[in-house]
Amino acid sequence: GAVVSQHPSWVICKSGTSVKIECRSLDFQATTMFWYRQFPKQSLMLMATSNEGSKATYEQGVEKDKFLINHASLTLSTLTVTSAHPEDSSFYICSATPPVGQGSPLHFGNGTRLTVT
Amino acid sequence: AQSVTQLGSHVSVSEGALVLLRCNYSSSVPPYLFWYVQYPNQGLQLLLKYTSAATLVKGINGFEAEFKKSETSFHLTKPSAHMSDAAEYFCAVSDSGGYQKVTFGIGTKLQVIP
């Protein structure tokens, strides 16, 4: 149980275009989803926390207009990288968490490798 | 603020040898502590977690970790390394059981030598 599907697993896009990454909780309702960015050989950096039906909370230094997060349903959150540039190339990972008392937290997707050319 | 420090970004062990990955934490409240494993180009898989129920926590794949408040440590161990254990390991801390913000360490890459 507690499967999180992240799609696509990898994507290559041209500089200036936008890319959407989806994170779905397949067998539980995720009231909270987290988006992380991982640079090569580094740890996960929390980008934002999204709660279903409300605006995402971004970490300091993360551009909310560049990384658009939508959490419109209890099973789906999306991250859109707008006007992508090569420096946005990275590994993006989502995690989904059910409400307290309804299951263990932090179920991770398999990540999305974004390459901007 | 909470933080974790993983000592040693790379650890090499021989197959069959003891695995010891170090993690020290800093927290102003009783912490929840986690160990995750990441294989190349994949997400994170939970190995084990400490939630104050018992100081010695057993996880999957033969791993265990001991919470030592006096040393603010939560080191990960496995008695006998297997080739399939080669991966990146992350220690993490939360003040909410993981339901809110979780802070990850920088990771330790484990190499298993045949």
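Order of the sequence lines sets the chain letters (A, B, ...), proteins ahead of strands, with each chain counted from 1.
In this structure, the side chains of Tyr36(A) and Val102(B) come closer than 4.5 Å at one or more pairs of heavy atoms. Two residues are said to be in side-chain contact when any heavy atoms from C-beta on lie closer than 4.5 Å; Phe108(A) and Leu46(B) fail this criterion.
Of the listed residues Gly109(A), Gly111(A), Cys94(A), the one with more heavy-atom pairs under 4.5 angstrom with chain B than any other is Gly109(A). Heavy-atom pairs under 4.5 Å with chain B peak, among Gln6(A), Glu59(A), Met45(A), at Glu59(A).
Atom CZ of Phe34(B) sits about 6.0 Å away from atom CG of Leu106(A), to the nearest 0.5 Å. Here the straight-line distance linking atom CG of Leu44(B) with atom CG of Asn110(A) works out to 10.0 Å at 0.5 Å rounding.
Distance alone, capped at 3.5 Å, is enough to place a donor-acceptor pair between the Ser43(A) side chain and the Gly105(B) backbone.
A continuous path of Ile, Leu, Val, Met, Phe, Trp and Tyr side chains, each step under 4.5 Å between heavy atoms, connects Phe91(A) with Phe104(B), placing both in one hydrophobic cluster. Cluster annotation: Leu114(A) and Met47(A) are assigned to the same hydrophobic cluster (Ile/Leu/Val/Met/Phe/Trp/Tyr, side-chain heavy-atom contacts under 4.5 Å, transitive). Note on Tyr58(A) and Val81(A): same hydrophobic cluster, where clusters join Ile, Leu, Val, Met, Phe, Trp and Tyr whose side-chain heavy atoms are under 4.5 Å apart, directly or indirectly. Connection of Val57(B) to Tyr36(B) is not established within any shared hydrophobic cluster, with ILVMFWY side chains joined at heavy-atom distances below 4.5 Å, either directly or through further cluster members. Residues Ile60(B) and Leu33(B) share a hydrophobic cluster, clusters being chains of Ile/Leu/Val/Met/Phe/Trp/Tyr side chains in contact below 4.5 Å.
For Tyr39(B), no part sits under 4.5 Å from any heavy atom of chain A, backbone or side chain. Interface residue Phe90(B): only side-chain heavy atoms are found under 4.5 Å from chain A. Interface remark: Lys101(B) contributes backbone and side-chain atoms alike to the contact with chain A (heavy atom separation under 4.5 Å). With a 4.5 Å cut-off on non-hydrogen atoms, Gln38(B) touches chain A through its side chain but not through its backbone.
Around CZ of Arg22(B), the count of heavy atoms belonging to other residues, nucleotides or ligands within 6.0 Å does not exceed 12. Around atom CG of Leu48(B), more than 12 heavy atoms belonging to other residues, nucleotides or ligands sit under 6.0 Å away. The neighbour count for Lys66(A) NZ, taken as heavy atoms of other residues, nucleotides or ligands under 6.0 Å away, is above 12.
For the pair Gln42(B) and Ile93(A), the tightest heavy-atom approach, listed with the atom from each and the gap, is O-CD1, 4.4 Å.
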